[in-house]
Amino acid sequence: MPFQLLPDAFAGFMALPSVAGRVAHFDPRTVRRRYDLIGHSRVHVPMVVDVERRTFLWTDLYLPPSEGYHSVSRHIDELGRAGRDLYQYFSAGRTTLWDLAVWHAAARTDEVAVSRRHGLVRYRRGAGEDTAAFARRIRTLRTPDAEEPHGTESGDGDGVAAVERAAAGKRVLLAVVSGDAAPEKVSGTVCRLLPGPVDGCGLDRVAAGDLVAALG
């Protein structure tokens, strides 16, 4: 049946409460980054997940039902090839949200903090280092000027508290995937993919399109 004839059809993903395993039943109300499926198509690949690299690629790919792609088990090889082709196509020379955030950060300030899995890394603009060189160093995550392992100050292992401490009391551009961090006494702008406490901490929320438009 075409998507346009269904009473409700959408794609997205549901965040699990724990990394230990699936302990929650599917709840449509918890789907994040939701978008509606419409049109005459019957088969849709919303994203491709790279389990090893812990990344995903939005594809919004519609496939012809006449080829039988609705049966994943019968067409696993073809679907796998489509996933590899999409990753190869979109991973070479394509601007990402990370690129966009880095360009803005390097142009706006002389100090940038990046929260990584192991800790918070800081980059400070060197003497004579122009914006392009500063952005390139941040983007490639090379030669940080300081590193602060998560959990060293307050026992936080996920980096949320580290981000809150780094931004507290400052004017910032906060670019994050999940809006879990809510710095105190902060001003400035936040660009986030997923909602959370950051939405109520006083920062002006912008979308990726706003950051693109601001590049002029």
Side-chain angles (χ1 to χ4, degrees), residues 1-92 94-101 115 117 158-160 163 174-182 189-201 203-214:
M1 179 179 293
F3 292 124
Q4 67 179 10
L5 298 182
L6 295 174
D8 194 16
F10 58 88
F13 62 88
M14 186 183 85
L16 297 178
S18 171
V19 298
R22 180 162 188 155
V23 295
H25 296 291
F26 173 70
D27 184 349
R29 294 171 299 179
T30 67
V31 173
R32 296 183 170 186
R33 307 302 295 172
R34 167 178 169 163
Y35 65 93
D36 293 329
L37 302 177
I38 58 177
H40 297 285
S41 181
R42 295 180 173 88
V43 183
H44 181 63
V45 181
M47 69 180 75
V48 178
V49 179
D50 189 326
V51 178
E52 182 178 358
R53 297 178 182 176
R54 297 173 61 85
T55 62
F56 66 88
L57 173 70
W58 289 109
T59 56
D60 195 15
L61 176 66
Y62 287 87
L63 296 173
S66 59
E67 300 295 332
Y69 286 115
H70 57 278
S71 175
V72 175
S73 61
R74 290 205 306 268
H75 294 270
I76 189 169
D77 292 336
E78 292 89 341
L79 290 171
R81 185 164 55 251
R84 289 190 297 271
D85 290 346
L86 286 165
Y87 252 106
Q88 182 178 3
Y89 180 76
F90 284 106
S91 62
R94 298 281 172 168
T95 299
T96 66
L97 292 177
W98 166 246
D99 296 329
L100 188 60
S115 181
R117 189 180 302 276
D158 59 4
V160 172
V163 171
L174 190 61
V176 293
V177 175
S178 178
D180 294 333
T189 305
V190 60
C191 179
R192 55 81 173 154
L193 292 181
L194 306 178
V198 73
D199 293 338
C201 71
L203 294 171
D204 296 326
R205 185 159 63 90
V206 298
D210 298 318
L211 295 183
V212 172

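Since this is a predicted model, take the numbers as computed values, not measurements.
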key: OG1-NE2 distance between T59 and H44, expressed to the nearest 0.5 angstrom   = 6.0 Å

inquiry  = Is any side-chain heavy atom of L97 closer than 4.5 Å to one of L193?
reply    = yes

query = What pair of heavy atoms forms the shortest contact from R205 to D199, and how long is it?
reply = CD-OD1, 3.6 Å

message = So which atom in V163 and which in A181 form the shortest heavy-atom distance, rounded to 0.1 Å?
response = CG1-CB, 3.9 Å

request  = First locate atom CD1 of I76, then atom CZ of R81, and finally report the distance between them rounded to the nearest 0.5 Å.
outcome  = 12.0 Å

request  = Applying salt bridge (charged side-chain N to carboxylate O under 4.0 Å, His left out), name anything that partners D85, two or more places apart in sequence or on another chain.
outcome  = none

request  = For D77, enumerate each residue passing the salt bridge (charged side-chain N to carboxylate O under 4.0 Å, His left out) test, keeping only those at least two apart in sequence or located in another chain.
outcome  = none

key: Partners passing salt bridge (charged side-chain N to carboxylate O under 4.0 Å, His left out) against D99 (at least two apart in sequence or in another chain)   = R139

key: Rounded distance [0.5 Å steps], CG in L211 versus CG in L100   = 5.0 Å

request  = Count the heavy atoms of every other residue, nucleotide or ligand shown that sit under 6.0 Å from CZ of F10, and state whether that count exceeds 12.
outcome  = yes

ask   = Parallel, tilted or perpendicular: which describes the rings of F3 and Y62, with under 30° parallel and over 60° perpendicular?
value = perpendicular

query = Can you tell me how far the OG1 atom of T189 sits from the CG atom of L203, to the nearest 0.5 Å?
reply = 7.5 Å

query = Which value, rounded to the nearest 0.5 Å, describes the distance between L6 atom CG and I38 atom CD1?
reply = 12.5 Å

note = In terms of heavy-atom contacts, A207 and C191 come closest through C-SG, 4.0 Å

